[in-house]
Number of protein chains: 2
Amino acid sequence: MKNERPRRLSTAEERRETVLRTAIGAFAARGYWGTTTTEVAKAAGISQAYVYRLFPSKELLFTAVVEHCFVQVRAALESAAAGAGGGSPEAVLEGMGDAYARLISDNDLMLIQLHAQAAAVSEPAVREAVRQGYARLVEYVRGASGGTDEQVQEFFARGMLCHLIVSMGADEVDAPWTRTLAAGIRHY
Amino acid sequence: MKNERPRRLSTAEERRETVLRTAIGAFAARGYWGTTTTEVAKAAGISQAYVYRLFPSKELLFTAVVEHCFVQVRAALESAAAGAGGGSPEAVLEGMGDAYARLISDNDLMLIQLHAQAAAVSEPAVREAVRQGYARLVEYVRGASGGTDEQVQEFFARGMLCHLIVSMGADEVDAPWTRTLAAGIRHY
DNA sequence: TCCTTGTGTGGTTGACCACTCACATAGAAG
DNA sequence: CTTCTATGTGAGTGGTCAACCACACAAGGA
């Protein structure tokens, strides 16, 4: 299957970023063990072999994806903090919660965090990435909001509750128990 | 090892329970996609082929394990509620939280819940089991504690935070961010 | 023009997976 | 003893996976 149009080459660095971005969607459904490198390649529009030229192993690819997600989350929180800059801790945390809710209205970002958590249990490299990701997040939220330990803890606890709701699709079920769990949780 | 009880009660039923119990440990490390049926068989001390005589497929085995875990969690909450019966909602929830903390001092129970959540994203049968599990849990906690929606929600949010802490081994890291996340969270 | 370097793929490999089947063995009943 | 049934396994099957390798092609410089 010859392509008559001049082939457009991209630099490896650009390709790596494309793969990182598109792999989020691939890993979001079935996580680290349930997703094949062929699926990642298809999502990125390249051959499976080329995935291995860009990333040395599936494990390093996945950890890179996880880190990429944490960077995005942090960026969202930063811009929220900038928007609500100088307000009370409650106001800043409120703004950050709203920004997070918007960020993950596309669920893939959050599902990666869930799957990263699951893989962290037995994959040391993933665990390290998750630890660093949350370490930075927690410190940033604490610093930018000026909230107490209790408030910061509450902020993350609600985030985790969010993951639960989305992962089992509780927002598609209308019942007393889902209303209790999702009460006051925004989603766009 | 003769059984004088009605002999129609086969030993296959006992085996099934053994497998269910031991499979918790097998699935806890790498979840649904990362755990092989051979590992489950080894943990139960039977051949891999016999796993398939006891359970028709890996999916049904896993969902059975998940349901088994939810039953155990519920039983723990029930006995806690019985112990603190009639107290204020806060006292009952406190007792339940403590019972849960004890239950999962062996981490496997909790890790199954985490992996079940992850698998629920793309496996309808698992999602259904997880939904039912949490539906019953939420209704039970609400009813037995008499707490408000907000208190019940807070109870589960803290549970999810617990999962995060354990999955990335935050309790093994001594740093400000881990202390913030784990503040006031018991573990035995 | 040739040569070198970087981008990209088809085809393959060996290991491992979920699942199956023919068969073994033990105990109870006749 | 024979037969029947339930428990249990060894030895596969077809398929899929992560990872590898030989090779093709594109672009730029001399």
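Sequence lines set the chain letters: A, B, ... in the order given, protein chains first and strands last, and positions in each chain run from 1. Computed from a predicted structure; not experimentally measured.
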Side chain of [X] only, heavy atoms from C-beta on: which candidate in [options] is closest?
| X | options | value |
| --- | --- | --- |
| Arg53(A) | dC20(D), dA19(D), dG8(C) | dG8(C) |
| Lys58(A) | dA19(D), dC20(D), dT7(D) | dA19(D) |
| Gln48(B) | dT7(C), dA18(C), dC21(C) | dA18(C) |
| Tyr50(A) | dT9(C), dC19(C), dA18(C) | dT9(C) |

Practice prompt. Check whether any side-chain N or O of Ser47(A) sits under 4.0 Å from OP1 or OP2 of dG8(C), and answer yes or no.
Written response: no

Practice prompt. Report yes if at least one side-chain N or O of Tyr52(A) is closer than 4.0 Å to OP1 or OP2 of dC20(D); otherwise report no.
Written response: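 Tyr52(A) to dC20(D) OP1/OP2: no side-chain N or O under 4.0 Å.
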
Worksheet item: Does a distance-only test, which skips hydrogens and angles, find a donor-acceptor pair under 3.5 Å between the side chain of Arg15(A) and the base of dG8(C)?
Response: no

Worksheet item: Below 6.0 angstrom between ring centroids: does that apply to Phe70(B) and Tyr134(B)?
Response: yes

Discussion item. Here's a test of your reading of the structure: between Ile46(A) and Thr36(B), which maps to the more 5' nucleotide of DNA chain C?
Written reply: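 That would be Ile46(A).
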
Between [atom2] of [N] and [atom1] of [X], the distance in whole Å:
| X | N | atom1 | atom2 | result |
| --- | --- | --- | --- | --- |
| Phe62(A) | dC17(D) | CZ | C1' | 17 Å |
| Lys42(B) | dC17(C) | NZ | P | 10 Å |
| Glu14(B) | dA6(D) | CD | C1' | 13 Å |
| Glu59(B) | dC17(C) | CD | P | 19 Å |
| Phe55(B) | dA18(C) | CZ | P | 15 Å |
| Arg16(B) | dA6(D) | CZ | P | 13 Å |

Between [Y] and [X], is there a salt bridge with N-O shorter than 4.0 Å?
| X | Y | result |
| --- | --- | --- |
| Lys42(B) | Glu39(B) | no |
| Arg21(B) | Glu17(B) | no |
| Glu154(A) | Arg158(B) | no |

Discussion item. Does any part of the side chain of Thr11(B), heavy atoms only, come nearer than 4.5 Å to the side chain of Arg15(B), both counted from C-beta?
Written reply: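 Not touching, per the 4.5 Å side-chain cut-off.
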
